[in-house]
2 protein chains.
Amino acid sequence: MERPTTQRLRDELRQTKPFPSRSQEAYLALLRTVDELRRRSSALMGQHDVSLEQYNVLRVLRGAGAAGLPTLEIAGRMVERQPGVTRLLDKLEAKGLVHRVRCKEDRRQVLCTLTETGRRLLAALDGPVDESSQRSFGALRPEELETLVEYLDRIRYPELYP
Amino acid sequence: MERPTTQRLRDELRQTKPFPSRSQEAYLALLRTVDELRRRSSALMGQHDVSLEQYNVLRVLRGAGAAGLPTLEIAGRMVERQPGVTRLLDKLEAKGLVHRVRCKEDRRQVLCTLTETGRRLLAALDGPVDESSQRSFGALRPEELETLVEYLDRIRYPELYP
DNA sequence: AACTATTCCTTGACTAGTCAACTATTGATT
DNA sequence: AATCAATAGTTGACTAGTCAAGGAATAGTT
């Protein structure tokens, strides 16, 4: 972390005014937390010359197994929209981490698979990524983690939890 | 929301495999939640031809009062780094929402203030923004909101909560 | 006073993300 | 079969974010 670790949210804001509402406070806390987590993991990926987003594509591909996945399906498993995924795949293919071929059965689809290099890169990152994740989320006990995930779910789908 | 609202995290992922770890599940939930919140508010800002990020700069400036703020101080109150803020200010100034002047006392600083137009735009957005925020976070009771903020704090500063 | 260091901000060169428009292929309909 | 619609993906034109390098002004030092 770059900023002094003793800083808390209210200090970070450096505003004397209280938050306009708890919701806004929570919103800001969410933004800042995700930003911080992104920074922590980006640092890891950067050492291997891939971005965090590129890494996420690789992970999705590994999760899919040897058969590979069409581009749109990758996008579906990620936060990004299709065009972004296409561009990420462009870069990953250029680096030799991913292989793309037109699907025989449906020539509209492009099947993406990990190359051996890609698989090795992922393997090399597994340890550090897990450590980093443990360090960040280790601050919460298992039940707390569960609660957090539930809260986030409810924020995303408010109409399901009236 | 664009995707079917009955989808839950496990469905979104469309993976049969369980999560490698709770931490990873929480991490993904965080990313997706922030992404979704960003989308919801971006839609509001877009109607007034400002981006969410530009809006955040305007809010910081309003919070600072009539005196205005130097660029670096704005960055300090936001998630972004300085260069990003400079560029956001470029665009806001071009739209006539913000005014910039070199500070007399310290000519290194650039004092930024809201224009009347900027202030009106913010006022027009206050209602919708608050509504949207209530809708999202209304899914949590006040104590739960508080707990959420605490958890997020702990994730950001794990060493403070061993 | 003259140098050096620091601070504030901007710029350049990159990555990434969005929407909208387009191509290619497939499927469905008449 | 000929058309029309839907799907998969790419590209263009934009916004935004990063780091690293640099200019300008100020502060500190000798």
Side-chain angles (χ1 to χ4, degrees), chain A residues 2 31-32 34-43 45-58 68-95 98 100-112, chain B residues 2 31-32 34-58 68-95 97-98 100-112:
Chain A
E2 299 180 42
L31 288 189
R32 284 172 186 276
V34 165
D35 188 64
E36 177 60 30
L37 289 175
R38 236 188 260 277
R39 263 181 235 293
R40 286 181 199 163
S41 33
S42 288
M45 318 310 163
Q47 296 175 356
H48 294 259
D49 278 310
V50 283
S51 69
L52 171 57
E53 294 77 11
Q54 292 170 7
Y55 170 79
N56 283 335
V57 172
L58 296 178
L69 285 179
T71 307
L72 195 53
E73 184 60 28
I74 301 176
R77 299 185 187 192
M78 301 183 54
V79 174
E80 282 82 30
R81 298 287 192 258
Q82 291 123 321
V85 174
T86 294
R87 292 187 225 272
L88 288 173
L89 285 167
D90 289 344
K91 283 162 196 160
L92 289 171
E93 194 178 27
K95 288 180 196 172
V98 155
R100 286 196 282 187
V101 262
R102 283 241 160 245
C103 180
K104 295 261 159 119
E105 294 78 45
D106 183 344
R107 296 190 35 72
R108 287 171 302 182
Q109 294 187 345
V110 175
L111 265 187
C112 308
Chain B
E2 300 181 41
L31 288 189
R32 284 173 185 275
V34 165
D35 188 62
E36 177 58 31
L37 290 175
R38 236 188 260 278
R39 261 182 236 294
R40 285 179 200 165
S41 33
S42 288
L44 293 181
M45 318 309 164
Q47 299 176 353
H48 293 260
D49 279 307
V50 283
S51 70
L52 172 57
E53 295 76 12
Q54 291 170 6
Y55 170 79
N56 283 335
V57 172
L58 295 179
L69 285 178
T71 306
L72 194 54
E73 183 60 27
I74 300 176
R77 299 185 187 193
M78 300 182 58
V79 174
E80 283 82 29
R81 297 284 192 261
Q82 290 125 321
V85 174
T86 294
R87 292 187 225 271
L88 289 174
L89 285 168
D90 289 345
K91 283 161 197 162
L92 289 170
E93 193 176 28
K95 289 179 195 173
L97 301 172
V98 155
R100 287 196 282 188
V101 261
R102 284 243 159 242
C103 179
K104 295 262 158 119
E105 292 79 48
D106 184 343
R107 297 190 35 73
R108 287 172 301 183
Q109 295 186 344
V110 175
L111 265 187
C112 308

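Contact check for Leu88(A) versus Asn56(A): no side-chain heavy atoms found under the 4.5 Å cut-off.
Of the possible polar contacts, one joining the Gln54(A) side chain to the Ser51(A) backbone as a donor-acceptor pair under 3.5 Å is found. Side chain of Arg102(B) to main chain of Leu111(B): no donor-acceptor pair is present (N/O by atom type, distance under 3.5 Å, no hydrogens or angles).
A donor and an acceptor atom sit less than 3.5 Å apart, one in the side chain of Arg108(A) and one in the base of dT7(D).
The distance between atom CD of Glu80(A) and atom P of dG17(C), rounded to the nearest whole Å, is 4 Å. dA16(C) atom P lies 11 Å from atom CG of Asp90(A), rounded to whole Å. One atom, CZ of Arg87(B), and another, P of dC14(C), lie 13 Å apart when rounded to the nearest Å. One interatomic measurement links the two molecules: CE of Met45(B) to P of dT18(C), which rounds to 17 Å at whole-angstrom precision. With rounding to whole Å, Lys91(B) atom NZ is found 12 Å from dC14(D) atom P. The CG atom of Leu31(A) sits 15 Å away from the P atom of dA16(D) (whole-angstrom rounding). Put simply, CG on Leu89(B) is 15 Å from C1' on dT11(C), counting in whole angstrom units. Across the protein-nucleic acid pair, Leu111(B) atom CG and dC8(C) atom C1' stand 12 Å apart, rounded to whole Å.
The nucleotide dT15(D) finds its pairing partner in dA16(C), both defining distances of the Watson-Crick or G-U wobble pair being shorter than 3.5 Å.
Met78(B) CE to Leu31(A) CG: the interatomic distance, rounded to the nearest 0.5 Å, is 9.5 Å.
Within 4.0 Å of Thr86(A), counting heavy atoms only, lies at least one base atom of the nucleic acid. Residue-level contact check: Arg100(A) touches the backbone only, with heavy atoms under 4.0 Å from sugar-phosphate atoms and none from bases.
Mapping Leu69(A) and Val85(B) onto DNA chain D by nearest heavy atom places Leu69(A) closer to the 5' end of the strand. The residue among Glu105(A) and Arg38(A) whose nearest nucleotide of DNA chain C is located toward the 5' end is Arg38(A). Residue order along DNA chain C, read from the 5' end via each residue's closest nucleotide, puts Gln82(B) first among Gln82(B) and Arg107(A).
At a non-hydrogen distance threshold of 4.0 Å, nothing from residues 51-58 of chain A comes into contact with DNA chain D.
The side chain of Arg39(B) sits closest to dT18(C) out of dG9(D), dC9(C), dT18(C). Comparing atom distances between the Arg81(B) side chain and each of dG17(C), dC19(D), dT26(C) picks out dC19(D) as nearest. Distances from the side chain of Pro83(A) to the nucleotides dT18(C), dG17(D), dT18(D) place dT18(C) closest.
Using a 4.0 Å cut-off between a side-chain N of Lys or Arg and a carboxylate O of Asp or Glu, Arg40(B) and Glu36(B) qualify as a salt bridge. Between Asp49(B) and Lys91(B) no salt bridge is recorded (no basic side-chain N to carboxylate O distance below 4.0 Å).
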